[in-house]
2 protein chains.
Amino acid sequence: MENAAINLDARARTLLRTLIESYIRDGQPVGSRTLARTSGLKVSAATVRNVMADLEDLGLIQAPHTSAGRIPTASGYRLFVDSLLEVREPTAEEIRAIQSGFDPNATTQDLMGATSNLLSQVTRMAGMVRLPRHRNVALSQLEFLRLGERRVLAILVIDGKEVQNRVLELERDFDQDQLQRMANYLNAHLAGKSLHAVRDALLREMRDVRENLDAMMLAAIDLGEKAVAGEDPDDVVVAGQTHLLSYEELADIDRLRQLLEAFNEKREILGILDQCIRSDRVQIFIGRESGLDWFENCSVVTAPYSVDGEVVGVLGVIGPTRMSYDRVIPIVDVTARLLGSALGDPAQDTK
Amino acid sequence: MENAAINLDARARTLLRTLIESYIRDGQPVGSRTLARTSGLKVSAATVRNVMADLEDLGLIQAPHTSAGRIPTASGYRLFVDSLLEVREPTAEEIRAIQSGFDPNATTQDLMGATSNLLSQVTRMAGMVRLPRHRNVALSQLEFLRLGERRVLAILVIDGKEVQNRVLELERDFDQDQLQRMANYLNAHLAGKSLHAVRDALLREMRDVRENLDAMMLAAIDLGEKAVAGEDPDDVVVAGQTHLLSYEELADIDRLRQLLEAFNEKREILGILDQCIRSDRVQIFIGRESGLDWFENCSVVTAPYSVDGEVVGVLGVIGPTRMSYDRVIPIVDVTARLLGSALGDPAQDTK
DNA sequence: ATTAACACTCGCCTTCATGGAGCGCTGATC
DNA sequence: GATCAGCGCTCCATGAAGGCGAGTGTTAAT
């Protein structure tokens, strides 16, 4: 998509813009006469036809058949969202409505679910939220529980409220008392540090101070390393998939099935979201741009959210390419910001 | 549904049976001529027409329009599955295929997911599994972790492999040391008993031996009671909803949306499954019988599964009313039995 | 009771005609 | 050279007409 199309004169741009706006509103191909009237320009339908022919040559619009009006192509939408679109900032009202959906006392999981629901309800499309990376949050506590022979349950309390369980399979057996002492040792050394720092510390100690410690403490370090080694649960929360059934441009049953299956599998959704995590602004995929062909007629609007200035996740919506970008974009944008600050609020013990 | 229809003569029963079998196979209304030929009876089409008129009067079949063949009504299906159907028992082959899908080392959660997937793949419909009740399985271990002021994380290890976390909000504060001693006390008294027994024991002690214990042990009992008080997570695992998109008798978009939303909400699905938990055999809901009108054209086949003779959950499938009951019923039946025995296997620590 | 035969009823498909929306092109105008 | 009115043309959507086929209900004969 090299977009040599940038050098369109003002009139062509206006026409393209009104055409796409009209198509997004009504879902009908737009003809030259209507376009001439609604564009506000003082030109005749014939002139508009000439311009439209040019736009078609540039691949920005196309005619479904000889004598229908024109509809935007993927490139047309691209140009539209990149340089023609004027987003309608959400009113303070709307922001408050969204904000009231966040319960700062909820666990991260619940917060993600609520956000995802919120996105899908407000936009009437499918909402999705990538779980935040936890690498930089504080480890509050670490505990071991003996489940059976050589099987230990590691419990990580993160950030004072999040709890993660991990079952570890070990080479040798420890009794509960040994495990307890190991946990005490690790907690004394590590509590309060970020997971990232914890991991570094453990790896360093394993290398450096091997010989200076008794066997028990060595084992403790080993165990601790195992406990924090796993990645965060790699997951994404989606909601409102069923909204997509209502759009007739997605009426093809087979594609619809693929789409819904993608939501169940989550793998491809994850792939798409992860592509966006680097950007620091709202990002938009139109149609096949994401590389999946079952994405025909679908667009994705995403925005990363950050805590303390660091991007920790992405959220967004999926809907038909023919969506109201001017409404959806600011919603996604605001939601990302609000989620970020909801996560960033200092953990409260009140209540 | 009083079904005075039971007194059908043999011929009428044969005809109804072949009609429904034919309709299930082809999805086409069945006419008198075809029916006369395929039924195996030595009667003419005209005679068949007479019988069909009777069956229509009884409300067992109906004609979509004046001059099409007949299709079964809900009552027709009911009679069919109750007294006309001959199920095709699954071959040893198929049983082995299903059995190989169970990994006895998996956690209950994973086992449920696998079962649900299995059901949906084998039947090409939506599969669902009600989580088992845990009331009668052994409590292996109980642990407390102080999260913050008056907030305690209770960790229940059940059956040596299942882990449940519960956050408790308390009236007074304990330090970790106190919590540890309380856990020790409770474990010494309760480990190995069933959750049900544990709860009884705690309630009894709270009443009877109040005055004979020091304050700490009293608090411990109180805490333990809180920890095991909550119900099991009340949940159901579903899979393969998207299969339902492929059936043209469910092609109505609005109903389809309601159906998929029901799977997301899970509440109504749960209601249906819970209705079946009392029965000890395969149970079938046809069309609106379950009380939900968006269930038009859908049927549910369920079977309870039991561990050690006690029913602990239900599983089943949802699909179009026009499904191959003779294939689906034994599959659901066998899957329920296999899941029961997979859960009943003594917990193994090997690997 | 069973059945062959007949008339009749619908739904579905194809064909055909009609109307309308919209396009490209041309030639005139400024 | 840009703009525009006008013309002929293409295509879709709609609907009516008609034929076909499948299946029904009914009657009268066995």
Side-chain angles (χ1 to χ4, degrees), chain A residues 7-16 18-23 25-73 76 248-249 251, chain B residues 7-16 18-73 76 248-249 251-252:
Chain A
N7 24 4
L8 288 178
D9 63 12
R11 194 176 60 181
R13 296 165 60 91
T14 312
L15 286 175
L16 179 58
T18 21
L19 186 148
I20 297 185
E21 281 169 357
S22 163
Y23 180 69
R25 195 177 339 101
D26 308 332
Q28 297 293 327
V30 188
S32 54
R33 191 170 359 219
T34 16
L35 194 51
R37 264 201 297 272
T38 57
S39 69
L41 269 63
K42 289 218 160 15
V43 290
S44 77
T47 312
V48 172
R49 279 202 285 281
N50 287 327
V51 179
M52 284 166 88
D54 294 346
L55 292 176
E56 183 156 21
D57 288 344
L58 289 171
L60 298 172
I61 58 180
Q62 82 191 81
H65 55 84
T66 317
S67 91
R70 305 303 218 292
I71 62 176
T73 63
E248 46 194 292
E249 53 260 61
Chain B
N7 23 5
L8 287 178
D9 63 12
R11 192 174 63 181
R13 293 164 62 89
T14 312
L15 287 174
L16 180 58
T18 22
L19 185 146
I20 296 185
E21 280 170 358
S22 162
Y23 181 69
I24 286 178
R25 194 176 339 101
D26 308 332
Q28 296 293 327
V30 189
S32 54
R33 196 179 350 229
T34 15
L35 194 49
R37 265 202 297 273
T38 57
S39 69
L41 268 57
K42 289 214 159 14
V43 292
S44 77
T47 312
V48 171
R49 278 203 285 281
N50 287 327
V51 179
M52 284 167 86
D54 294 346
L55 292 176
E56 181 156 21
D57 287 344
L58 289 169
L60 297 172
I61 59 179
Q62 83 192 77
H65 56 83
T66 315
S67 91
R70 305 302 219 293
I71 62 176
T73 63
E248 45 193 292
E249 53 260 60
D252 181 40

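- The residue among B/S44 and A/R70 whose nearest nucleotide of DNA chain C lies closer to the 5′ end is B/S44.
- The side chain of B/A46 lies closest to C/dA4, out of C/dA4, D/dG6, D/dC12.
- The base of D/dC11 lies outside donor-acceptor range of the side chain of A/T66, with no N or O pair under 3.5 Å.
- Under 4.0 angstrom from either OP1 or OP2 of C/dT3 there lies no side-chain N or O belonging to B/R33.
- Side-chain to base pairing of B/R49 with D/dG25: one donor and one acceptor N or O lie within less than 3.5 Å of each other.
- Both B/S67 and B/A53 lie close to DNA chain D; mapped to their nearest nucleotides by heavy-atom distance, the more 5′-ward contact belongs to B/S67.
- Here D/dA22 presents its C1' atom at 15 Å from CG of B/D26, a figure rounded to the nearest Å.
- Taking atom NE2 on A/H65 and atom C1' on C/dG24, their separation rounds to 16 Å, with Å as the unit.
- For A/E249, the CD atom is densely surrounded, since the number of other residues' heavy atoms within 6.0 Å is greater than 12.
- Partner of A/S32 under the side-chain hydrogen bond (donor to acceptor under 3.5 Å, both in side chains) criterion, out of A/R70, A/R49, A/R37: A/R49 alone.
- Closest approach to the B/E56 side chain among D/dC4, C/dC10, D/dG25 is made by D/dG25 (side chain taken as heavy atoms from C-beta onward).
- Separating the CG atom in A/L19 from the OG1 atom in A/T14 is a distance of 12.0 Å, to the nearest 0.5 Å.
- Here the CG-CD distance, from B/L58 to B/E56, works out to 10.5 Å after rounding to the nearest 0.5 Å.
- The phosphate of D/dT24 (OP1 or OP2) has a side-chain N or O of B/S32 nearer than 4.0 angstrom.
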